[in-house]
Each structure stands twice: as C-alpha cells, then as structure tokens.
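Have a look at the structure below, then the notes.
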Amino acid sequence: MGVGNRMKKQGPPGPLDESLVTRKRKDAPAAPVEEKKRRRKGGLNANKSVLGNGTGNAKLDKKAKVAVVKENGRKKVKKVVEPEPMLEDDDSLGDDEDGIDDPDVMEDVLEGVGAGKMDILGSDSDDSEPELDDDEFLDSDPDVAAGMWSDEDDSDDAEERLTAANIVGLSEKKDWQKAIEDAEAQAELAESAMTTNVAGDRPKILGDDEDAGTKGPLEPPSLQLLRTRITDTIRVLDDFSNLAEGRSRTEYTSQLIKDICAYYGYSEFLATKLFNLFPPREAFAFFEANETPRPVVIRTNTLRTHRRELAQTLINRGVQLEPVGKWSKVGLQIFESQVPLGATPEYLAGHYILQAASSFLPVMALAPQENERVLDMAAAPGGKTTHIAALMKNTGCIFANDSNKSRAKGLIGNIHRLGCKNTIVCNYSALEFPKVMGGFDRVLLDAPCSGTGVIAKDASVKTNKTEQDFLRLPHLQKQLILAAIDSVDHASKTGGYIVYSTCSVTVEENEQVVQYALNKRPNVKLVETGLSFGKEGFTSIQGKVFHPSMKLTRRYYPHAYNVDGFFVAKFKKTGLTPANAVGAKSDGGKEKVSTTEEEFVDKTPVTEDGTMEDDFGGWDESEDEKYIERARKSQLRRKGKDPKSYGRPKGEKNGDAAKVNRVEPAEAADQAADPKLSKPKVKKTKGDDPKAATKATGSELMPTKAMSVDLEVAKKVDGSESKPKKTKVKESKTTVEVNASKSKPARTVTEITKTITTVNGKDSKPEKIKIKKSKKQGGVPI
Ligand SMILES: C[S@@+](CC[C@H](N)C(=O)[O-])C[C@H]1O[C@@H](n2cnc3c(N)ncnc32)[C@H](O)[C@@H]1O
C-alpha cells in the first residue's frame, strides 16, 4: 500500500542532481539509516538479504538508499532513489512505462520547474508586506538542523515543537523517515513478487493453453497473491515479447483489470476507463496512490495575514507544517497538529482555509487582476472564490454563483469568514449566463464532475459512477463551458480569459469538453496556463484525436505530484461569439445546445488559427443568396413591379444584392471594437440592434449575415420609387431542429419572418418575407 503520502511533498518533486547523487552515495556514511534499519524488523537490510537469495531476481534489489551528505557546509540527509522500476528484470523496459519513479515523469516535472514561468503569477504573492520566502523556511541554522537528528522513536516527533528555527531539521527528518518507508515498501513489493515466482523468471499468470477453457485463470487465493499477480502481469506487459506465454496482450490486460477491480474495489467499468489513461505500470501507480490520503493543506488568506505570521502562530499551537512547495506562496502542508485545524482562533478569524493543494491551480491559472470583474460560475463552497478575492486584494468585483442553494450558504459563510468584500453571491444555474450577466474580464468554471481525481477522499466513486454519469456530466460540462465563454468580454483590456477545471481525470470530462468548446466557439483559443508543473493534456488517446493546442492544458495525478487528480485548461477569447453559434444566447438562451452522441467524441480537427475544417456555424453563402434574391423579387412583384428590370443597382449582377451591406465576421469584430466604423453600416431597428441585445442580456451579438439581410431589405425599400420616409422591420424566428442520424449531422432550419412596414409612404401595407436558414449542428459523425 501507500508509503506515507501525507508526508510526501506536493507538486513537482525536487530536482535530482545526478552528479550530486553519485558523490553523496560515495561519501555518505549511512550511519543514521543503519541505526534506524536495525530497529525495524524486516527493514531494508532484512529485505535485501531476502532479495539476494538466488531466485534469479537480483535486479529486484532495492535502489533506495539514504545518506548524510555535507552540502555547503550543512549536513543534509538525502534519499537516493535510483529510478529503476520495481520488479523490473529487463533493462529494455521503456521508461515511459514507469510509474512513480518514471524518469519521464521526473523529466516532465523538472521541465516545468522553470523559475520564470511563475512570474506570471506574481500577483499570487504580491502582498503589500513581503511574503515569506520559501527559502526562509528551508534555510534555517544548520547547527539547529544537525541537532535535530536523534535516534529517538517516531512518537517523539509529536512532542518536538516545530519552530521557525527548527523547521528545516524536522522536515529533513521527515524526508529521512519517508525514504526509509519508501525503501521498505519497495522491498515488500519485491519480496511479495518473488514468493510466487520461485519457479523461474517467467511469471505464470494465465492458465496454460491446454488448461484454457477448463480451469480458467488462476483463482486469487489471497490479497497478497492478487497483488503479486498484478505486479507480475505488469512485468509481462512491459516486456511482452520475452515474458508472454502464448496469450494475447488483451488477455493479460483484461486479467489485470479484473485483478485491479478485485484488489482495489473498483467497478470494472471505471477501472477500465482509468486504466486506459496510462501505460500499465503507471496505471498501477495511479490506483495505488488512490489508496492513500493526500496531505492536509491550508491556504493562507492574504487578505487577513501573511504566511510567515500564520506559520509561526500555528507552530506555537503545536502544528507541524512546511510550505507546500516552491510553486505556491500561500500553501502550508500540515504534518501533524495538536489542535483541530478547523477550530483554531486563526481559522475562525479567517486567516486560512483548509484547501487541497490542487485547488490552488485553477485560480493561479486564472490569474485575476485587481479591479477586474470576475465570474466564478460554480463557486460553492468558495475555496477558489476566496482565493480569487485575495489575489484581487478585495478590489474589483467577483460574482460567485452556485446553483445549489444550500451549498451557496456555505459559500457565503466562507466569504464572510475570510473577509472578502468584493464578492456578490448568486444562485443561478450557470447555464443562465450570460443572460443573467455577461461582459466579464475572466470566468472560472470549476465544473461539477465525477470526482475521479479525488478517489482517495471519496472511495464511493470507485463503484457509484456509471456509464450514464459519463454521458450526463460531459453534456452538462459542454453546456457550461459555452456559457462561460459567452460570458467573457473578449475586448477586456486586462483579461478576456476563461479557465475550465475539474477534479476528474477522465478524457470525457476534460479534453473532450475543451475540444467541444473549440469546435463550437471559433472565437476562443487555448493558451498557456502559466502553471509551472503538470502533465500535458492528451492530443490523442484511445483513437480520439484532439487539437494540437490541447497540450497547453494541464493534467495532475496523485501518483505523479501527490495532489488530487485535476485538469486545468485556459482559453483566451479573441472575438465576439457568432450569433449563429450553438447555444449563443442571442435568443434569450432558448436555443438548444446540441450535444448529441455524434459530437461526444469530436474528432474534427481544428486548424492552427482556430477555425474548423468543417463548416462551423453553417452559413451557406450561396444558399442564402438564393433566398435573399427570391425575397427581393417577390417583394417587387407584390408592389406590381417587374423584378427583372427594376430595383437592381447599377452594375450589380444577379446574386450581388446580399453582398451590398453584408457584415463579415472579421469586419463585424472590428466594427464592434470601433463604434465609429459600425455606425454608418448598421441601420438600427427595434429588435435588430445588436447593442440593444447586448444591453438586455449582458451578452454580445455579432451582426451576422442574417443582419445584413435586414439591411439589404431596408435599403431596397428606402431606395424604391415610393420613397417612404420611415421603414420598420419586425422579425420573428422559428427554429426547427432536424435530428441527426449516425451518418448525417443535425441541421437546424430557421425560418425568419420579416414584417416590413413603411410609414408615411405610399405603401403602408405590411409585407412579410420569409427567409429560410439551414445550418449544420453536429461535428463529424464517428
Ligand atoms: C467542483 S464544485 C465547485 C467547487 C468550488 N469551485 C470551490 O472551489 O469551492 C462544483 C459546484 O458546481 C455546482 N453546480 C452544479 N451544477 C451547476 C450549475 N448548473 N450551475 C451552477 N453551479 C452548478 C455544484 O453545486 C458544486 O458546488
């Protein structure tokens, strides 16, 4: 099982300096460790002797060592773990198949530790008073630290009061203990693997060919053997050509998944879904990590205090703590506490909030600025809202929304306790936005999700999530993400960003939702999250292909970073939402968002500039021109005029009419940005004024080609011989959705009826013109 993850550091593991490691190993008098080992029955040495018993598994020997080294004149205890995979007896094993010790994982992590990247998050720590530098915690007096090394029992730790002066010593001691625990756990694993493989190096997992169908696979006699078979199967899958015994990979994989279900208690449906996210060895590490709780973390509320101050106060109360990692300047990891953390005077005074470290990430990615307008669409119980308020230093305005009223009460409680004064709580379904309000500088959508990233916290997820959930939730998430995008002001001077996050690791709730948003909103693109660690989102997995920019999204796993599983994506909105876009709130939000199964796995590639390769939005130019022309002719006919000889401007050819006042999307965006540009072109009539609509709904409308039809018609009437003084155009719209079939995407046929009344002119009789529009709704069927 796990090896004290609560004690493990969160975030990217510290960099491993190989040269240093070698030197340390050479120089290291490993005395303290030997001491400890002697006291532990079945400890490192004992296990080593078992491992060296000539069973042919010499490489199962553990590689974890602990050494005391002198670094810059300071004594430090370092764990030296060679990244050799557990139970590995084949050097050819791909690195990428490794789990926790996966060198690739490390590399990925190390790449992300670039110091410069966090600069973007400067506001995170930009308090009026200087924040406590992490180094101040870590660089305490070496002598004090040295004095901390004692051979006393672990139970003594609780009595050792942690002070700012001795914090380094204690945390290093923890590292030291953790290293031993790690080593012992690895040894335990290795030992257990060997007990069933004494017959040889080739693990026997599935029955012999001749037994197949009669005996079936080995019945697991105990949890111990089950675990051994899991690790054996992983070995086989890692080195299939050498270790497989005439069975297919699929057979081994399905046996492995069955064993994982039996051992960890997952439904086969969920175990398969999660297993498929990783190479087998990493999947094992993931399932393992879900068995141990993540560290307790508190976030300093910088509206009320500073991390250094808070740390000192809590230390004085008997709390053992440490900064959560270099990546956060407000997090404190709690190792032990003499007092209930949810009831200290500091807690009640709002100096901190208990919050999982991974929950910091979406807010750091959002990077709210002072004086902005921010929407937190699904905010309860407010961990992220209050973090946003702190980063904004109580300036600007946050709308914290949650559809669940009772949860919203908890949100209000936290907002009060933490002293957020720039926050308004509302209780709408987030689907109502931007009808409720729009034009935000930034929107956070921390979406409701299946919680597959927090199984360590809520084990019920292992069995209570069904296939239905993975249809229902992504459907909601897709609707919500469009609402989030539509609620942002693309022209915001300081922002124009949307962050989408979930505490789930499934592709359906993450990459597929983001891809859906990219497909349906060509006016957004993915941008860097600014987070210094995290694995890249998938650009392809299990036959699904996503836009290359998906690698800008970030995935967090418990086994890789010792944080809850999380997903973070950041979008920049680059233009207005097309009024004809799916779910655009131009009609008051009544338009149905189509998330048919065809769209569920959306493989439609999107080009670099964000435009879809298929006909997004479905404006068929030639088709519409036909209708416009027909409308023009019948209008003239009704007036008793010959459409062939009348009303066509000089030089205009057939079909050019609609182009006269057409507002192309790009042009429309420019016009919106520059009101001077847009004024002369748009004839405002009630119900047609895009700005009026914007005011009414808080939304925004792009004057689309439908609008250009109005302008054209209005112009013709104005320009006719009757010379009316005023023209009124009334519009009514009927939308019929024609269902999609497997082979054909859905189409929406919209009938727009225009009633044109000329006032004070000869022709005062209202005229009706019907315009039919048809657009494709879905993506490419699979
Ligand atoms: C992951 S939790 C949010 C956690 C919160 N952001 C925090 O940091 O404390 C998801 C929230 O979404 C809310 N929710 C679910 N459906 C919603 C909807 N349609 N509109 C708004 N909120 C919704 C749930 O009530 C729940 O509080």
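It should be emphasised that the depicted structure is a prediction, and the values quoted were computed from it without experimental measurement. One-based numbering, in listed order, for ligands and for the atoms of each.
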Flag the pair Phe287 / Phe275 as yes when their ring centroid distance falls below 6.0 Å, and as no otherwise. no
Any N or O of Pro448 closer than 3.5 Å to N or O of ligand 1: no
Consider every N or O of Leu476 and every N or O of ligand 1, then say whether any pair is closer than 3.5 Å. no
Cation-pi check, Lys273 to Phe470: give yes when NZ or CZ is under 6.0 Å from the six-membered ring centre and within 45° of the ring axis, no otherwise. yes
Could you tell me whether some N/O pair between Asn401 and ligand 1 is separated by less than 3.5 angstrom? no
Taking only heavy atoms of Ser429 into account, list the atoms of ligand 1 that are under 4.0 Å away from them. 19 (N), 20 (N)
Answer yes or no for Leu431: is there a heavy-atom contact with ligand 1 below 4.0 Å? no
Suppose I only count heavy atoms of Ala430 and a 4.0 Å limit; which atoms of ligand 1 are within that range? 18 (C), 19 (N), 20 (N), 21 (C)
I'd like to check which ligand 1 atoms, numbered from 1 as shown, lie under 4.0 Å from a non-hydrogen atom of Met377. 21 (C), 22 (N)
Has ligand 1 got any nitrogen or oxygen that is less than 3.5 angstrom from a nitrogen or oxygen of Asp446? yes
With side chains defined as the heavy atoms from C-beta onward, is the minimum distance between Gln512 and Val507 less than 4.5 Å? yes
Any nitrogen or oxygen of Leu480, main chain or side chain, under 3.5 Å from a nitrogen or oxygen of ligand 1? no
Should the pair Tyr556 and Phe533 be assigned to parallel (<30°), tilted (30 to 60°) or perpendicular (>60°) ring geometry? perpendicular
Plane angle bin for His559 and Tyr557 - parallel if under 30°, tilted between 30 and 60°, otherwise perpendicular: parallel
Decide whether Tyr561 and Ser358 meet the rule of one side-chain donor and one side-chain acceptor closer than 3.5 Å. no
Give a yes or no on whether a salt bridge exists between Arg317 and Glu346, defined as a side-chain N under 4.0 angstrom from a carboxylate O. yes
Does even one non-hydrogen atom of Ser359 get within less than 4.0 Å of ligand 1? no
By number and element, which atoms of ligand 1 are closer than 4.0 Å to a non-hydrogen atom of Ala447? 1 (C)
Within the structure, does Asp376 bring an N/O atom to less than 3.5 angstrom of an N/O atom in ligand 1? no
